[in-house]
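Predicted, not measured: the structure shown is a model, and the values here were computed from it. Count residues from 1 along the sequence.
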Amino acid sequence: MIDNNYISILVEDYIDFKKGLGFELKICARRLRSFASYTRSLDYTGYISKDIALKWCCMGTDSSKTKGRRLEMLRPFLLFAHIKNENNEIIYNQIFPNVRKRPNPHIYTEGEVLVLIEKCKELYSPDQLRIKSMQTVLGLLWSTGMRPNEVASLKYKDFDIENNLIKIHDTKLHKDRTIPIHESVSIKIKEYILFLNDHKIYPDENDTLFYTTNQKPFSLSKIQYTFKLIRCGITHEDSDYTNVRLYDFRHSFASRTIYQWLNNKEDVNAKLYILSCYLGHSKPEDTYWYLSSSILLMDLVSNRYEKMVGDLK
C-alpha cells in the first residue's frame with residue numbers, strides 16, 4: 001500500500017475547501033478518507049475513474065441503500081475533482097434505488113408506554129435510581145418528542161420548572177432551542193428532583209439531571225442499554241426496524257400531534273411550522289415526512305381528501 005497519491009491530496013483539498021465554507025464534514029470527511037485509503041491500497045496513482053469510485057461504493061455485503069449513500073456522498077467530491085481536472089470522471093446518475101427512502105418507525109401507543117414504565121420496576125437497581133431515572137426519561141421522551149441524546153444531555157439548569165420550559169443546548173447542527181412543557185411534566189420533574197434529594201443528590205446547575213446506580217450519570221449509552229432490557233414484548237409490525245427504539249418516541253410524538261390536529265379539523269399546514277421549530281428540525285420538509293410515516297395518519301388524511309374532492313368515479 002502506497003503512503004500517498006493524487007486522490008488523497010484531492011480529498012484533503014476538498015475537505016479544507018468545505019470546512020472553509022463553514023461545513024463540519026465529520027462523517028463525510030471520514031468516508032472520503034476511506035475512499036482515498038482504498039485507492040492507496042490498490043497502489044493506484046491516477047485520476048478518479050468511474051470504475052474505481054463504483055468499486056469502492058460496492059465494497060462488502062452492505063445493502064444497496066448503504067452503497068447508494070456512499071455514492072451520494074461521493075458525487076459532490078467527484079464534481080469538485082472534475083472542476084480541478086477534467087480527467088477526473090463524474091458519476092451523474094443515481095444508480096442505486098431507494099437511497100433516500102426512510103424506514104418506517106414504530107408509533108407507540110399510550111398503553112405501550114405505560115407497559116415500558118411498569119417494566120422499569122423489574123430492573124436491577126439496589127438504590128432505585130436506575131428505575132426512577134428511566135421512568136422519568138421515558139416520560140420526557142413521550143411528552144416532548146426530544147431526541148434521546150438531548151434528554152441524556154440535560155442539566156439541572158436546563159429546567160425552568162416555574163415557567164414550564166426546557167432549554168436544549170447545542171443539539172443537531174449546534175442549535176439551541178427552548179420548548180414549553182405541560183404543567184404535569186413539570187410536576188413529574190419536581191418529584192424526580194425530590195427523589196434525588198432523598199438519595200443525597202443535590203445537583204448544581206451545571207450537573208447532569210439523570211443518575212443511575214451508585215449516583216453515576218445516566219449517559220445515553222446507559223439509557224440505550226437499559227431500554228433494551230425492558231423493550232421485549234412491545235411489538236413492531238408497523239416498523240421497518242428489527243426492534244422498537246428510543247428514537248421512535250420522537251416519531252410517535254410528532255405523529256400523535258399531527259393526528260390530533262387532523263382529528264380536530266385544524267389547519268395542519270399552518271401548524272407544521274410550529275411543530276418543526278418545537279422538534280428542532282432544520283427544514284420544514286423533515287416535519288412533513290411524518291404525514292406519511294404512520295398508517296393511521298395516512299388513513300385520516302386520505303379520508304379527509306375523499307370528503308373534500310368527492311367521489312371521482
Exercise. For the rings on Y192 and F159, is their centre-to-centre separation under 6.0 Å?
Worked result: no
Problem set entry | Aromatic ring pairing Y108/F249, orientation class (parallel under 30°, perpendicular over 60°, tilted between) | parallel
Exercise. Which residues satisfy the side chain to side chain donor-acceptor pair (under 3.5 Å) test with K55, sequence neighbours excluded?
Worked result: D51
Exercise. Does a donor on one side chain sit under 3.5 Å from an acceptor on the other, for N5 and T39?
Worked result: yes
Exercise. Any luck finding a side-chain donor-acceptor pair between T66 and S63 under 3.5 Å?
Worked result: yes
For this session: Run the salt-bridge test on K155 and D158 with the 4.0 Å N-O cut-off and return the result as yes or no.
Result: no
Problem set entry | Heavy atoms of other groups near K188 NZ, more than 12 under 6.0 Å | no
Exercise. Between N206 and D204, do the side chains contain an N or O donor and an N or O acceptor separated by less than 3.5 Å?
Worked result: no
Exercise. Could E118 and K121 be called an ion pair, given the rule that one side-chain N must be under 4.0 Å from one carboxylate O?
Worked result: yes
For this session: Evaluate the ring planes of H251 and Y247, with Trp represented by its six-membered ring, and classify them as parallel (under 30°), tilted (30 to 60°) or perpendicular (over 60°).
Result: tilted
Exercise. So which heavy atom on L140 is nearest to which on V151, and how close?
Worked result: CD1-CG1, 4.3 Å
For this session: Flag this pair as yes if the NZ/CZ of R256 is under 6.0 angstrom from the six-membered ring centre of W142 and inside a 45 degree cone about the axis; otherwise no.
Result: yes
Exercise. H106 and side-chain hydrogen bond (donor to acceptor under 3.5 Å, both in side chains): which partner among R245, E112, H236?
Worked result: E112
Exercise. For the side chain of S239 and the backbone of Y241, is there at least one donor-acceptor N/O pair under 3.5 Å apart?
Worked result: yes
Exercise. Looking at residues at least two apart in the chain, or sitting in another chain, which of them share a side-chain contact (heavy atoms from CB on, under 4.5 Å) with F195?
Worked result: Q128, L129, K132, H199
For this session: List the steps, then state whether side chain to side chain donor-acceptor pair (under 3.5 Å) holds for S37 with S34.
Result: CA-CA 5 Å; S37 176; S34 171; over 6 Å; no
